[in-house]
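The structure under discussion appears below in the form of structure tokens.
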Amino acid sequence: NEKNNTLVQNSKYSSNVWALHKSPAGNMYTNADNGYIVEFNKAGNFSNIYAAPELSNNLRNSKITSIYYKDGILWYGLDIFGLVKLDLQSRKTEILKPDNNYSTSSIHSIHPYSDRELLIGTENGLFMFDVQNGNYKSINYHNNSITLNDQSTNDIYTDREGGIWFSTKHGGVNYLVKSSTPFEYYHPSYQPGLRLGKVIRQFYEDSKGNLWIASENEGVTVYHPETNTFSPYPTLSKHINAILIDNDKLWLGTESSGIEVYDLKTGKVKSYQFRNADPTTISDNNVRKIFKTSYGDIYIGTAWGINIY
């Protein structure tokens with residue numbers, strides 16, 4: 001709550017948050033334990049929980065790592081089961097496995113590419129999925145320029161010009177101009193003297209069109225499209241999992257130091273960390289997702305539940 005500078009913890013349904021997604025109506029969806037989906041309304045209150053009944057005997061240790069909403073359907077990645085389709089009205093679920101030998105388990109990201117196609121980023125490569133006919137197309141041909149330089153995709157982001165950015169586990173940043181086909185690679189060796197992380201966690205585009213890149217080993221780097229250059233942004237922590245820019249404030253979710261909020265005008269930083277027996281602090285210092293809704297609330301997913309600021 002920005003007015004009284006407090007956080008509201010909610011670990012009842014989800015103690016280990018891996019995914020957050022907001023529908024156009026303002027409902028927030030996140031993963032719960034054992035393969036369940038939890039829905040919060042735009043006021044931040046619990047409103048529903050969804051499960052996959054036909055998988056109930058196999059979900060004991062399963063986790064949901066990515067969620068995407070479109071037209072009343074939730075698409076989510078469920079561990080070894082791969083892509084799952086959930087109709088929110090009928091509550092019917094369907095596992096969408098490829099007909100061929102493709103492995104689409106361990107889905108890290110689900111991102112729209114067109115009205116009928118989704119980009120599915122997995123531990124085993126990048127796939128194009130047709131939501132109408134259920135077909136998969138692999139984009140992992142290593143002798144083809146239409147591929148990533150690392151098969152494990154952590155996050156996918158589309159900028160205002162329609163370009164698509166891919167964060168990878170060990171290959172740095174990849175960029176795809178939608179009007180063309182080849183990927184552009186931005187590796188740590190791309191710019192002399194640049195310390196660009198190889199393990200990229202998340203992207204965020206600011207109001208000027210600059211792309212902020214959160215990495216696991218080199219903190220935050222900013223890409224300036226007008227000059228096609230990168231510059232480091234100094235941070236206290238180097239292992240950054242989540243990033244958000246809210247007006248002149250840079251929010252960073254760290255691996256073990258909680259949240260760091262930087263004033264982009266003054267450079268001052270404020271830390272938010274877990275304090276035992278204090279329900280107004282974040283529920284865990286391992287912060288994995290940060291998301292601001294259109295009505296001003298900031299959702300924070302941690303290794304021990306979800307928080308609302």
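The backbone N or O of Lys208 sits less than 3.5 Å from a side-chain atom of Asp206, completing a donor-acceptor pair. Of the possible polar contacts, none joining the Thr168 side chain to the Ser152 backbone as a donor-acceptor pair under 3.5 Å is found. A donor-acceptor contact shorter than 3.5 Å is absent between the side chain of Ser106 and the backbone of Thr122. Ser257 places no side-chain N or O within donor-acceptor distance of the main-chain N or O of Thr254, the cut-off being under 3.5 Å. Side-chain atoms of Thr221 never come within 3.5 Å of backbone atoms of Ser231 as a donor-acceptor pair (strictly under, hydrogens ignored). Remark: the backbone N or O of Gly26 is paired with a side-chain donor or acceptor of Tyr295 at under 3.5 angstrom. Without hydrogens or angle criteria, Asn241 side chain to Val287 main chain gives a donor-acceptor distance under 3.5 Å. In this structure a side-chain-to-backbone donor-acceptor pair under 3.5 Å is missing from Asn247 to Lys249. Between the side chain of Glu205 and the backbone N or O of Arg160, at least one donor-acceptor pair lies under 3.5 Å. Side chain of Asn41 to main chain of Ser47: no donor-acceptor pair is present (N/O by atom type, distance under 3.5 Å, no hydrogens or angles).
Connection of Val222 to Ile240 is established within a shared hydrophobic cluster, with ILVMFWY side chains joined at heavy-atom distances below 4.5 Å, either directly or through further cluster members. Hydrophobic clustering of Ile, Leu, Val, Met, Phe, Trp and Tyr side chains at less than 4.5 Å, counting indirect connections, keeps Val199 apart from Leu211. Using a 4.5 Å cut-off between side-chain heavy atoms of Ile, Leu, Val, Met, Phe, Trp and Tyr, with links allowed through other members, Ile156 and Tyr113 fall into the same hydrophobic cluster.
In this structure, Trp75 has its ring center under 6.0 Å from that of Phe129. With ring centers used as reference points, Trp212 lies under 6.0 Å from Tyr233.
Around CG of Asp115, the count of heavy atoms belonging to other residues, nucleotides or ligands within 6.0 Å does not exceed 12. Atom NZ of Lys42 has 12 or fewer heavy atoms from other residues, nucleotides or ligands within 6.0 Å.
Salt-bridge check for Asp263 with Lys268: failed, with every basic side-chain N at 4.0 Å or more from each acidic carboxylate O. Taking a cutoff of 4.0 Å between a charged side-chain nitrogen and a carboxylate oxygen, Glu216 and Lys169 do not qualify as a salt bridge. Ion pair Arg116/Asp130 flagged as a salt bridge, since at least one NZ, NE, NH1 or NH2 atom sits closer than 4.0 Å to an Asp/Glu carboxylate oxygen.
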- Task: Start with the C-alpha distance between Phe230 and His224, add both sets of side-chain angles, then the distance that settles ring pair (Phe, Tyr, Trp, His ring centres under 6.0 Å), and finish with yes or no.
- Result: CA-CA 6 Å; Phe230 293 84; His224 310 277; 8.3 Å; no
- Item | From CA spacing to verdict: side-chain hydrogen bond (donor to acceptor under 3.5 Å, both in side chains), Gln202, Tyr204 | CA-CA 7 Å; Gln202 196 174 12; Tyr204 196 91; over 6 Å; no
- Task: Give the intermediate values and the outcome of ring pair (Phe, Tyr, Trp, His ring centres under 6.0 Å) for residues Phe291 and Tyr299.
- Result: CA-CA 5 Å; Phe291 186 93; Tyr299 282 70; 7.6 Å; no
- Please walk me through it: do Asp246 and Lys292 pass salt bridge (charged side-chain N to carboxylate O under 4.0 Å, His left out)? CA-CA 8 Å; Asp246 181 28; Lys292 184 176 182 180; 2.4 Å; yes
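Side-chain N/O atoms of Asn286 and Thr302 include no donor and acceptor closer than 3.5 Å. The closest side-chain donor-acceptor pair between Trp165 and Asn174, if any, does not fall under 3.5 angstrom. If you check the side chains of Glu260 and Ser237, you find a donor sitting under 3.5 Å from an acceptor. Using modelled atom types, one finds a donor on one side chain and an acceptor on the other under 3.5 Å when comparing Tyr223 with Asn228.
The two atoms that bring Lys289 and Leu20 nearest to each other are CB-CD1, 3.7 Å, heavy atoms only. Between Leu264 and Leu250, the shortest heavy-atom contact is CD2-CB, 3.8 Å. Pairing each heavy atom of Asp284 with each of Ala303, the nearest pair is OD2-CB, 3.7 Å.
Using a 30° and 60° split on the angle between ring planes, Phe203 and Tyr157 fall in the tilted class, from 30° to 60°. Between Tyr69 and Tyr29, the angle of the ring planes stays under 30°, which puts this pair in the parallel group of the 30/60° scheme.
The shortest distance between side-chain heavy atoms of Ile259 and Trp251 falls below 4.5 Å. For the pair Thr104/Lys97, no side-chain contact is recorded, criterion being any heavy-atom separation below 4.5 Å from C-beta on.
Results of the side-chain contact (heavy atoms from CB on, under 4.5 Å) test with Glu117 over His111, Gln132, Met128 single out Met128 as the only residue that passes. Screening Asp87, Thr93, Ile37, Ile64 for a side-chain contact (heavy atoms from CB on, under 4.5 Å) with Leu74, the sole residue that qualifies is Ile37.
The distance from atom CG of Asn307 to atom CZ of Phe274, rounded to the nearest 0.5 Å, is 10.5 Å. Of the inter-residue distances, the one linking Lys70 atom NZ with Ser23 atom OG reads 13.0 Å to the nearest 0.5 angstrom. The CG atom of Asp159 lies 4.5 Å from the OH atom of Tyr175; values are rounded to the nearest 0.5 Å. Annotation: the span from Leu83 atom CG to Ile120 atom CD1 amounts to 5.0 Å, rounded to 0.5 Å.
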